[in-house]
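Reviewing the structure listed below.
Order of the sequence lines fixes the chain letters, A, B, ..., with proteins taken first and strands second; residue numbering starts at 1 for each chain.
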Amino acid sequence: MKNYQYPDERGHFGEYGGRYVAETLMPALLELEEVYAVASQDPEFQREFEYYLKHYVGRPSPLYFAERLTKELGGAKIYLKREDLNHTGAHKVNNTVGQVLLARRMGKKKIIAETGAGQHGVATATVAALFGLECEVFMGKEDIRRQSLNVFRMKLLGAKVTEVTSGTATLKDAMNDALRHWVTHVRDTFYVIGTVAGPHPYPLLVRNFQSVIGTEAKQQLLEAEGRLPDVAVACIGGGSNAMGLFYPFIEDLSVKLLGVEAAGLGVETDKHAASISAGSPGVLHGNKTYLLQDDDGQIQHAHSISAGLDYPGVGPEHSHLRDIERAEYVSITDIEALEAFQKLTHIEGIIPALESAHAIAQVMKLAPTLSPDQIILVCLSGRGDKDIHTVADALRVEL
Amino acid sequence: MSRIKATFAILKEQQKTALIPFITAGDPDLEVTAKLVLALADAGADLIELGVPFSDPMADGPTIQAASERALAAGTTLKGVLLLVAAVRETTQIPLVLMGYYNPVFRYGVENFARDAAAAGVDALLLVDLPPEEVAEISGVMLKSGIDLITLLAPTTPRERMARLAAAAEGYLYYVSMTGVTGAQKISPEDIRVAVAELKQMTDIPVAVGFGITTAADAKAVGSFADGVIVGSALVKIIAEYGQSEKLLSEVTKFIAELKHGLTASAS
């Protein structure tokens with residue numbers, strides 16, 4: 001694992017990744033790749049990116065030792081990387097700042113995005129407002145219902161929210177419609193993809209923008225404990241907070257990387273979103289990766305109580321890390337996530353996003369099996385305010 | 001000589017433009033599709049593009065998305081489409097091009113697909129989301145099976161790239177008439193004429209134009225300079241309207257005849 005250098009120059013992570021898009025979009029992707037290659041070597045771009053992360057997003061985000069949770073579980077020490085404390089309440093904004101700065105370099109005046117839980121949509125609308133760019137967000141009808149608060153936030157921020165009714169009316173269909181819009185307006189529009197999926201170079205640039213999570217956490221943990229964690233844990237929908245956390249640790253082989261997918265009602269049922277744990281390789285949304293699909297190659301419906309994990313695919317780099325066994329992938333059910341949501345809220349006074357609650361639930365299983373001198377680093381990718389209605393419904397509480 | 005080459009050679013000799021209808025296989029079901037293929041061939045189609053339905057047709061507008069959904073709801077699979085091709089091959093020698101997305105082919109297994117498609121009588125394959133950057137993973141296998149891979153070119157394709165892709169093209173070149181999804185907006189024949197003229201400087205391979213050609217007038221305009229005209233959404237709309245109705249075949253035949261008439265007029 002020394003000298004981990006992925007993706008290759010064609011955007012492949014081993015067998016995965018690539019650029020599986022219509023010809024109309026290829027020139028735009030090649031241009032984006034070039035612009036990013038130059039920007040990533042340009043100290044001025046890096047300085048600008050860091051400036052906004054510090055003064056606008058509020059970075060570095062704290063690394064918090066969850067002392068009461070640690071004591072309650074009676075095992076490894078648990079550290080939370082507090083991405084929930086970022087401006088807009090999740091890790092998503094790290095990436096939208098980076099991509100919108102690229103869009104400005106390319107002279108694009110219009111920004112589009114897809115969103116599931118609405119976190120990426122809000123983060124994109126926020127940065128578009130900051131720079132005075134026109135913004136349109138594609139969101140499934142079902143998710144608009146589940147995440148009405150975020151829909152209103154996006155509208156307040158000046159974004160147009162376009163309801164997507166095709167297919168399952170969730171994140172995958174929002175991405176289809178965003179791609180359809182992009183193919184039509186590719187000349188003046190920048191597509192801000194919210195996760196480490198999509199065609200090359202998106203998985204690369206989203207990972208790099210998000211890797212501030214792992215880079216900071218590593219530094220912070222070295223300061224607090226003088227050593228690296230034993231395990232790094234993060235939830236996985238597309239997998240951007242996980243890639244952001246994992247990437248700076250990839251060559252540190254003593255650190256076990258653990259991705260947590262959404263098992264929905266259970267991976268043995270047909271209602272889950274665990275593409276790696278229960279899917280197979282295929283091609284969707286511009287990249288080759290693990291997907292939920294039937295024998296005919298038709299994409300299947302995903303299910304998760306968490307809108308942000310409700311996606312039938314996963315970023316291609318995770319597929320690669322699984323195949324080379326550098327990372328391990330497990331899954332957590334809706335019920336387990338709900339329990340973890342309540343536990344963290346009760347015991348630490350931190351309301352996690354339902355997405356992040358999946359990672360916490362895995363930590364609750366894992367910590368008691370480890371010794372008190374071991375360390376778990378978990379990415380608390382977002383705050384749970386947006387999920388209050390969903391949780392109340394699930395707990396049968398009338399608001 | 002392949003069926004596609006032979007067809008374009010004859011048309012060239014007769015100074016005619018190829019009429020290439022697109023229909024989604026399995027819409028409303030495969031039995032009707034078989035009848036439609038034969039009706040299209042009888043009505044004057046020169047090649048036929050058969051859409052393989054996919055759950056996430058990212059390059060398609062609402063009309064073909066809906067056709068895909070109807071076909072999948074009717075239980076259509078890639079295997080079923082290949083059986084359909086084998087069945088109609090007993091009656092017609094019209095070139096048949098399968099058009100769709102990569103995942104069903106990938107899932108079927110590229111080698112298995114090439115073997116079964118060639119045996120069924122498929123002439124070419126057009127995968128919208130398998131651009132030249134990725135096509136190497138199937139091109140060797142398809143070449144061995146004698147299945148042409150159709151290359152798409154778009155208004156956004158730079159000139160140098162166009163020349164490179166045109167030089168490597170097989171069968172015919174599919175020029176996408178506008179930046180957008182299938183069946184989207186009105187086309188601009190003048191812009192297309194300029195692009196096609198440039199393209200024809202670069203290659204001897206026939207150039208067919210598709211995406212957004214909806215009327216006999218469009219077909220006539222584009223047919224005056226292109227080697228082939230592809231009509232999809234407009235035809236799929238008729239299939240959506242008449243579905244299982246007895247009138248379906250006569251309505252489709254009427255529409256194809258109108259297009260054909262437009263093309264004949266433009267040639268003379």
(request) Flag yes if more than 12 heavy atoms outside Asp204(B) fall under 6.0 Å of its CG atom; otherwise flag no. (result) no
(request) Quick one: which of Glu69(B), Arg161(B), Lys79(B) has the most heavy-atom pairs under 4.5 Å with chain A, could you say? (result) Arg161(B)
(request) Say whether, by atom type as modelled, one donor and one acceptor occur between the side chain of Thr156(B) and the main chain of Thr24(A) under 3.5 angstrom. (result) yes
(request) Would you name the heavy atoms of Pro131(B) and Met26(A) that are closest together and state the gap between them? (result) CB-CG, 3.7 Å
(request) Using non-hydrogen atoms and a 4.5 Å limit, figure out which bit of Phe106(B) sits close to chain A: side chain, backbone, both or neither. (result) side chain
(request) May I ask you to name which of Val181(B), Asp56(B), Leu78(B), Val128(B) has the most heavy-atom pairs under 4.5 Å with chain A? (result) Asp56(B)
(request) Determine whether Val283(A) and Glu134(B) make a side-chain contact, defined as any pair of heavy atoms from C-beta on separated by less than 4.5 Å. (result) no
(request) For each of Gly167(A), Gly286(A), Pro281(A), tally heavy-atom pairs with chain B at distances under 4.5 Å, and name the one with the top tally. (result) Pro281(A)
(message) If I take atom OG1 from residue Thr179(B) and atom NE2 from residue His185(A), how far apart are they, to the nearest 0.5 angstrom?
(response) 8.0 Å
(request) Measure from the side-chain N and O atoms of Asn176(A) to the backbone N and O of Met58(B), and report whether any donor-acceptor pair falls under 3.5 Å. (result) no
(message) Assess the residue pair Tyr101(B) and Leu284(A) against the criterion (side chain to side chain contact (heavy atoms under 4.5 Å, CB included)); give the C-alpha distance rounded to whole Å, side-chain angles, the decisive distance to 0.1 Å, and a yes or no.
(response) CA-CA 9 Å; Tyr101(B) 297 81; Leu284(A) 178 70; over 6 Å; no
(message) Is Thr76(B) close to chain A through its backbone or its side chain, or both, or neither, when contacts mean heavy atoms under 4.5 Å?
(response) backbone
(request) Count the heavy-atom pairs under 4.5 Å between each of Leu25(A), Leu30(A), Val21(A) and chain B, then report the option with the highest count. (result) Val21(A)
(message) To the nearest 0.5 Å, what is the distance between CG on Leu127(B) and OH on Tyr20(A)?
(response) 11.5 Å
(request) Report the option among Val135(B), Leu130(B), Asp60(B) that has the most heavy-atom pairs separated by less than 4.5 Å from atoms of chain A. (result) Asp60(B)
(request) Pick whichever of Asp173(A), Asp177(A), Asp294(A) has the most heavy-atom pairs under 4.5 Å with chain B. (result) Asp294(A)
(message) Within the 4.5 Å heavy-atom criterion, are Arg187(A) and Pro155(B) side-chain neighbours or not?
(response) yes
(request) Answer yes or no: is there a donor N or O on one side and an acceptor on the other, between the side chain of Glu23(A) and the main chain of Leu153(B), under 3.5 Å? (result) no
(request) Pick one of side chain, backbone, both or neither for Glu133(B), based on which atoms fall under 4.5 Å of a heavy atom in chain A. (result) both
(message) Shorter than 4.5 Å, heavy atoms on both sides: which option in Pro57(B), Pro53(B), Pro158(B) has the most such pairs with chain A?
(response) Pro57(B)
(request) Report, as yes or no, whether the 6.0 Å neighbourhood of atom CD on Glu198(B) holds more than 12 heavy atoms from other residues, nucleotides or ligands. (result) yes
(request) Specify which of Thr77(B), Leu152(B), Val176(B) makes the most heavy-atom pairs with chain A at under 4.5 Å. (result) Thr77(B)
(message) For the NZ atom on Lys200(B), are there more than 12 heavy atoms of other groups (residues, nucleotides or ligands in this structure) within a distance under 6.0 Å?
(response) yes
(message) Can you tell me which of Arg10(A), Lys288(A), His285(A) forms the most heavy-atom pairs within a distance under 4.5 Å of chain B?
(response) Lys288(A)
(request) Look at atom CD of Glu137(B) and say whether more than 12 heavy atoms of other residues, nucleotides or ligands are closer to it than 6.0 Å. (result) yes
(message) Looking at Asp296(A) and Arg107(B), is there a salt bridge between them, counting it only when a charged N and a carboxylate O are closer than 4.0 Å?
(response) no
